[in-house]
Amino acid sequence: VYTTFKILEAGGIETNKFLDKIFKKIGVLPGLLLTKSALLIPLFFVLDYVHYSAFIIGIAFYTWVISHNTKVLININK
């Protein structure tokens with residue numbers, strides 16, 4: 001949430017069209033909180049039913065997103 005918010009605040013562009021529409025409709029921070037909550041809250045109800053490899057893939061993807069956003073944020077602030 002932090003890196004995405006800072007990038008968009010600095011003039012970056014959201015490349016996910018679905019998120020971009022949400023951000024334009026309700027704002028970036030509310031949109032981020034809404035979408036993260038919509039994904040994370042149901043996750044707690046299915047923890048016992050999902051194979052651990054799905055979580056590994058999810059963690060790897062989210063780690064990539066944070067890494068990518070950090071690089072973009074560093075380049076924006078140069």
In terms of hydrophobic clusters joined by side-chain contacts under 4.5 Å, are [X] and [Y] together?
X	Y	result
Val46	Leu40	yes
Leu34	Phe18	yes
Leu39	Val50	no
Val72	Leu8	no
Trp64	Ile66	no

[atom1] of [X] to [atom2] of [Y]: how many Å apart, nearest 0.5 Å?
X	Y	atom1	atom2	answer
Lys6	Asn69	NZ	CG	13.5 Å
Tyr2	Ile7	OH	CD1	10.5 Å
His68	Leu73	NE2	CG	11.5 Å
Tyr62	Phe55	OH	CZ	15.5 Å
Leu19	Thr35	CG	OG1	5.0 Å

For this session: Assess whether atom CD1 of Ile13 is packed by more than 12 heavy atoms of other residues, nucleotides or ligands within 6.0 Å.
Result: no
Minimal non-hydrogen separation, [X] against [Y], with atom names:
X	Y	result
Ser37	Pro42	O-CD, 3.8 Å
Leu32	Val1	CD1-O, 3.6 Å
Ile76	Ala10	CG2-CB, 3.4 Å

Problem set entry | Leu33 side chain near Leu29 side chain, heavy-atom distance below 4.5 Å | yes
Problem set entry | Side-chain heavy atoms of Thr4 within contact of Glu14, under 4.5 Å | yes
Problem set entry | Inter- and intrachain pairs under salt bridge (Lys or Arg N to Asp or Glu O under 4.0 Å), touching residues 32-56, at least two apart | none
